[in-house]
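Side chains are part of it too, since the values below use all heavy atoms of this structure and drop only hydrogens, waters and symmetry mates. The first residue of the sequence shown is numbered 1, and numbering continues consecutively from there. All ligand and atom numbering here is 1-based and tracks the order in the structure.
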Amino acid sequence: MLSTVVFDADETLLDLRPAMTGGLLAVLDEMRRLAPAAAAVSLADLEHDWSVTFAANPARSMPEVRRMALSRSVSRVGLDAHLDVLLAHYFARRFALTRPFPDVLPALAALAERWTVGYATNGNSRVERCGLGGRFAFEVYAHDNGLPKKPAPEFYAAVVQAAGVPARQVVYVGDSIAHDVVGAQTAGLHGVWLNRDGRSCPPGVRPDAELSTLTDLSAVLAALADEEDLRAQSERPLV
Ligand SMILES: [Mg+2]
């Protein structure tokens, strides 16, 4: 019997990209105020600094990677001494702009009666700072108490422990095939793929369900639960 649905955060529930862009634009404004040479630095430069830093440091926490990326950006124009202030500026704006996609709150409301609903992320989008406070039975954050990031099995073990039910009762919903579908399935959970932008599913991967919006999630999960009940019945020994 499926009982628990757990959500990835960034790009699944939270529309993070505009918030990151807004944070970087705020930083760029401040850099230009502090140093005329920053007029030659562009948003694309700051995004590049983030991309290369993130790619080189996949296991580090998001605040650490952001600090390293921004350090690279400010050193372009000799503003190294202002790193802490600019970092605070970035996060203030990034969190002020981070909000759920329009389909999220109705989907969570539709799930509330039938499901235990959890939140589990590799990132630093704390629910109370992103318009989602008070909506989850439990929250799991990578890096809290040294917890490794998805798709590490330890991450999913922590999700299952927080859920308080066997892994096979838990459905994980996310936008990343590797982290949220394959990672969850490998750990014995069900993996539902939220494919908001119409990507192709890689060969050999079979999400337990695929959605382009969370609007249909409640119905899709109900169907998945029925399938699981039938499978469990068919696997029961005949006596
Ligand atoms: Mg995500």
Seminar exercise, completed: Sequence neighbours excluded, the answer for ring-ring contact (aromatic ring centres under 6.0 Å, His included) partners of Tyr90 is none
Exercise. Is Arg196 close enough and on-axis enough to Phe101, meaning under 6.0 Å and within 45°, for cation-pi?
Worked result: yes
Seminar exercise, completed: So, leaving waters aside, the tally of protein N/O/S atoms less than 2.8 Å from the Mg ion (ligand 1) stands at 3
Exercise. Leu14 and side chain to side chain contact (heavy atoms under 4.5 Å, CB included): which partner among Asp8, Thr121, Val127, Leu132?
Worked result: Leu132
For this session: Scan Leu108, Val140, Val159, Leu13 and name whichever one has a side chain to side chain contact (heavy atoms under 4.5 Å, CB included) with Tyr119.
Result: Leu13
For this session: Could you tell me whether Arg33 and Glu30 have a side-chain N and a carboxylate O separated by less than 4.0 Å?
Result: yes
Exercise. Going by distance alone, is a donor N or O of one side chain under 3.5 Å from an acceptor N or O of the other, for Thr215 and Asp103?
Worked result: no
